[in-house]
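Beneath this line is the structure, given in structure tokens, with notes to follow.
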Amino acid sequence: MIIISHRANLTGPSNRENHPDEIERVLKLGIDCEVDLWYTDNKFILGHDKPQYEIDLNFIKKEKLWIHCKNLECLESIVDFTHCFWHQDDDYTLTSKGLIWTFPTKKTGEKSIIVDNSKDWRDSNYNCYGVCTDWVL
């Protein structure tokens, strides 16, 4: 099972979520990282609730990134060359690599990536492909 850093958090929620420097730090540790990405005005911009940190196309192509597209324009722009997905209130959604992004508390399967941001997520003993969490370390 793989562990994915949620918005580049390693030890709980942070005010530097989705910051390019934090994402680079997580990737240098060899940890997969879920990021929130917008595409607006011909620019790629990281940020959860709103676009905050402009990045270039090469940044998006990094291995170990799981890109949560925040608008349709983003999804259409990157779906052919990177690992991405889009969802809002869905219990499940497919990633561009055929894995099942799974909303917290929902049933998992062998291809599921469950989002669990509770500090004690390890106690759940998930039987799934991976867990995306703020509490990697």
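- The aromatic rings of Phe85 and Trp101 lie parallel to each other, their planes meeting at an angle below 30°, with 60° marking the opposite boundary.
- When all heavy atoms of Cys84 and Cys69 are compared, the closest pair comes out as CB-SG, 3.9 Å.
- Proximity of Leu65 to Ile23: side-chain heavy atoms (C-beta onward) are separated by under 4.5 Å at one or more points.
- When the shell of 6.0 Å around CZ of Phe103 is examined, it contains 12 or fewer heavy atoms from other residues, nucleotides or ligands.
- When hydrophobic clusters are built by joining Ile, Leu, Val, Met, Phe, Trp and Tyr residues whose side-chain heavy atoms come closer than 4.5 Å, directly or via intermediates, Trp66 is not grouped with Tyr53.
- Judged by distance alone, the side chain of Asn71 and the main-chain N or O of Cys74 form a donor-acceptor pair under 3.5 Å.
- At a threshold of 4.5 Å between non-hydrogen side-chain atoms, the residues Leu37 and Phe44 count as touching.
- For Asp120 (side chain) and Asp123 (main-chain N/O), no donor-acceptor pair under 3.5 Å exists by modelled atom type.
- How far CD1 of Ile45 is from NZ of Lys70: 14.0 Å, rounded to the nearest 0.5 Å.
- Although no hydrogens or angles enter the test, the distance criterion places a donor-acceptor pair under 3.5 Å between the side chain of Glu34 and the main chain of Arg7.
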Quick one: side chains of residues 125-137, donor-acceptor pairs under 3.5 Å with protein atoms, not counting sequence neighbours, listed by atom name and distance.
{"from": "Tyr126", "atom 1": "OH", "to": "Asp116", "atom 2": "OD2", "distance (Å)": "2.5"}
{"from": "Thr133", "atom 1": "OG1", "to": "Asp116", "atom 2": "O", "distance (Å)": "2.8"}
{"from": "Thr133", "atom 1": "OG1", "to": "Trp135", "atom 2": "N", "distance (Å)": "3.1"}
{"from": "Asp134", "atom 1": "OD1", "to": "His6", "atom 2": "ND1", "distance (Å)": "2.8"}
{"from": "Asp134", "atom 1": "OD1", "to": "Asn9", "atom 2": "ND2", "distance (Å)": "2.9"}
{"from": "Trp135", "atom 1": "NE1", "to": "Asn117", "atom 2": "O", "distance (Å)": "3.2"}

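- Ring centroids of His68 and His48 are separated by 6.0 Å or more, keeping the two rings apart.
- Under a cutoff of 6.0 Å and an axis angle of 45°, Lys61 and Phe81 form a cation-pi pair.
- The side-chain heavy atoms of Trp86 and Leu72, taken from C-beta on, include no pair separated by under 4.5 Å.
- Residues Leu57 and Leu27 share a single hydrophobic cluster, defined by chaining ILVMFWY side chains whose heavy atoms lie under 4.5 Å apart.
- Within the 4.5 Å cutoff, side-chain heavy atoms of Leu10 are placed close to those of Arg25.
- Put simply, the side chain of Thr82 never gets that close to the backbone of Ile78: no donor and acceptor are under 3.5 Å apart.
- When the shell of 6.0 Å around CG of Asp41 is examined, it contains 12 or fewer heavy atoms from other residues, nucleotides or ligands.
- Under the 4.5 Å side-chain criterion, counting only non-hydrogen atoms from C-beta, Ile60 is in contact with Ile67.
- The pair Lys62-Glu24 counts as a salt bridge, with a side-chain nitrogen and a carboxylate oxygen less than 4.0 angstrom apart.
- When side chains are defined from C-beta on, Leu46 does not count as touching Glu54, because their heavy atoms never get closer than 4.5 Å.
- Counting only heavy atoms from C-beta outward, the side chains of Ile31 and Ile3 never approach each other to under 4.5 Å.
- Without hydrogens or angle criteria, Thr102 side chain to Tyr92 main chain gives no donor-acceptor distance under 3.5 Å.
- Residue Ser14 comes nearest to Glu17 through the heavy atom pair O-CG, 3.1 Å, listed as atom of the first residue, atom of the second, then distance.
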